[in-house]
2 protein chains.
Amino acid sequence: MIEVSLVTGYTMKTIGKIAKELNLSVETIRFYEREGIIQQPQKPLNGYRLYDDSISKQLQFICKAKALGFSLKEVSSLMSMDSNCSQVESLGLQKLNIIQNKISDLQRLEKVIKEMTNSCQSNNDQANCPLIDSLKWS
Amino acid sequence: MIEVSLVTGYTMKTIGKIAKELNLSVETIRFYEREGIIQQPQKPLNGYRLYDDSISKQLQFICKAKALGFSLKEVSSLMSMDSNCSQVESLGLQKLNIIQNKISDLQRLEKVIKEMTNSCQSNNDQANCPLIDSLKWS
DNA sequence: ATAAACTCTGTACATGGGTACAGAGTCAAG
DNA sequence: CTTGACTCTGTACCCATGTACAGAGTTTAT
């Protein structure tokens, strides 16, 4: 089933096609629709969803924003803010802040674990593990 | 109800006491027990859990290991490996690796989002948000 | 003696982001 | 025409890590 719009000459795609194209699962796309993150697509008589380019672009938008660390709720916000730039900027800055905090948390952890594993490496005492010990007593 | 061991002179604590001491919730402690992460505590006739210092230390161990980014399952492993230092080290190195990967992922994101929000800031066009645009087309 | 505060077990719910059916209908290829 | 591949709706389930409650029993404080 391939439908071509008379107006735009555009090919509409079934859910399976678009899923394969965007490397998403069919279930995931239906899930996004259920959650109101993408629009409802057209449904001809047979009830099959048919996607045009605009919904496909929405899906790509979601994928990219998710890759930047935005949650689905935030993606939703972003899409509805559309072009209120200062709102978008503030959400971006907020996300930036969270990311930077995460980074420094992780760097602190990295340091601690590095020290611990180093002390394991230079450990000759079979009966005691310095990593475990530091968790026990530090 | 305070119980004092005749042998060690040790005070046993009820779940509420130990929860307050370790800043955990009572439910969480019971949850750890259900999941087999901590030992079953003694239960006298009234059925109340009574905790001695050893279980308290197990709980502290869990809190610290969790703070280092170990999952409960991993904490469990760590506790049962006890002092097999090379096993512990390998789990630590694995965790270190994950942490380092996360850090570099996040740093990449940081860079992208920074650029995006910067372009928002220098944007005068009310009708277009560069952050949104780059998600749309990049 | 009584009320507040604590504990017990067992079960259900929460979160986020999906995944996995079952059972029925539809479409495309040979 | 049949078979396989696709789609539909609706619902239940997954993961980890807890949280929340109901209904009953116990302890402690006044």
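Per chain, numbering begins at 1; letters A, B, ... match sequence-line order.
- For the side chain to side chain donor-acceptor pair (under 3.5 Å) test, no residue two or more places apart in sequence or in another chain qualifies with Asn118(B).
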Nucleotide N/O of nucleotides 21-23 of chain C paired with protein N/O under 3.5 Å:
from: dC21(C); atom 1: N4; to: Glu27(A); atom 2: OE2; distance (Å): 3.4

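- Here Lys43(A) pairs with Arg49(A) under the side-chain contact (heavy atoms from CB on, under 4.5 Å) rule; sequence neighbours left out.
- A search for side chain to side chain donor-acceptor pair (under 3.5 Å) contacts involving Glu21(B) returns Lys13(B), not counting sequence neighbours.
- Each side-chain hydrogen bond (donor to acceptor under 3.5 Å, both in side chains) pair with one or both residues in residues 86-95 of chain B, not counting sequence neighbours, appears once here: Glu74(B)-Lys95(B), Asn84(B)-Ser86(B).
- To the nearest 0.5 Å, atom NZ of residue Lys17(B) and atom CG of residue Leu22(B) are 13.5 Å apart.
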What pairs of donor and acceptor atoms, side-chain ones from residues 101-108 of chain A against any protein atom, are under 3.5 angstrom apart with sequence neighbours left out?
from: Asn101(A); atom 1: ND2; to: Asn97(A); atom 2: OD1; distance (Å): 3.4
from: Ser104(A); atom 1: OG; to: Gln100(A); atom 2: O; distance (Å): 3.2
from: Ser104(A); atom 1: OG; to: Asn101(A); atom 2: O; distance (Å): 3.2
from: Asp105(A); atom 1: OD1; to: Arg108(A); atom 2: NH2; distance (Å): 3.3

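- For the pair Thr14(A) and dT7(D), the criterion of a side-chain N or O lying under 4.0 Å from OP1 or OP2 is met.
- Side-chain nitrogen and oxygen atoms of Tyr32(A) include none within less than 4.0 Å of the OP1 or OP2 phosphate oxygen of dG17(C).
- Rounded to a whole Å, the NZ atom of Lys73(B) is 15 Å from the C1' atom of dG18(D).
- Of all the residues in residues 34-56 of chain A, Arg34(A), Asn46(A), Tyr48(A) reach under 4.0 Å from DNA chain C with at least one non-hydrogen atom.
- Counting any heavy atom pair closer than 4.0 Å across all strands shown, Lys20(A) reaches no nucleic acid atom.
- Phe70(B) has its CZ atom 13 Å from the P atom of dT17(D), to the nearest Å.
- In this structure, CE of Met12(B) is placed 14 Å from P of dT7(C), rounded to the nearest angstrom.
- The shortest distance between the side-chain N/O atoms of Ser25(A) and the OP1/OP2 oxygens of dG18(C) is not below 4.0 Å.
- Straight-line distance from the CG atom of Asn23(A) to the P atom of dG18(C): 13 Å, rounded to whole Å.
- Atom C1' of nucleotide dT9(D) and atom CD of Glu33(A) are separated by 12 Å, given to the nearest angstrom.
- For Lys17(A) and dT26(C), the NZ to C1' distance is 14 Å, given to the nearest whole Å.
- Here Ile62(B) contributes atom CD1 and Leu135(A) contributes atom CG; the two are 11.0 Å apart, rounded to the nearest 0.5 Å.
- The side chain to side chain donor-acceptor pair (under 3.5 Å) test applied to Ser54(B) returns Asp52(B), not counting sequence neighbours.
- In this structure, the CD1 atom of Ile15(A) is 13 Å from the P atom of dT19(C), given to the nearest Å.
- Following rounding to the nearest Å, Leu72(B) (CG) and dT19(D) (P) show an atom-to-atom distance of 11 Å.
- The phosphate of dG18(D) has OP1 or OP2 within less than 4.0 Å of a side-chain N or O from Lys66(B).
- Distances from the side chain of Phe31(B) to the nucleotides dG18(D), dG18(C), dT7(D) place dG18(D) closest.
- Asn123(B) contributes no side-chain N or O that, together with a main-chain N or O of Cys85(A), makes up a donor-acceptor pair within less than 3.5 Å.
- Contact check, Thr28(B) against dT17(D): no side-chain N or O comes under 4.0 Å of OP1 or OP2.
- With sequence neighbours left out, the side chain to side chain donor-acceptor pair (under 3.5 Å) criterion links Ser25(A) to Thr28(A).
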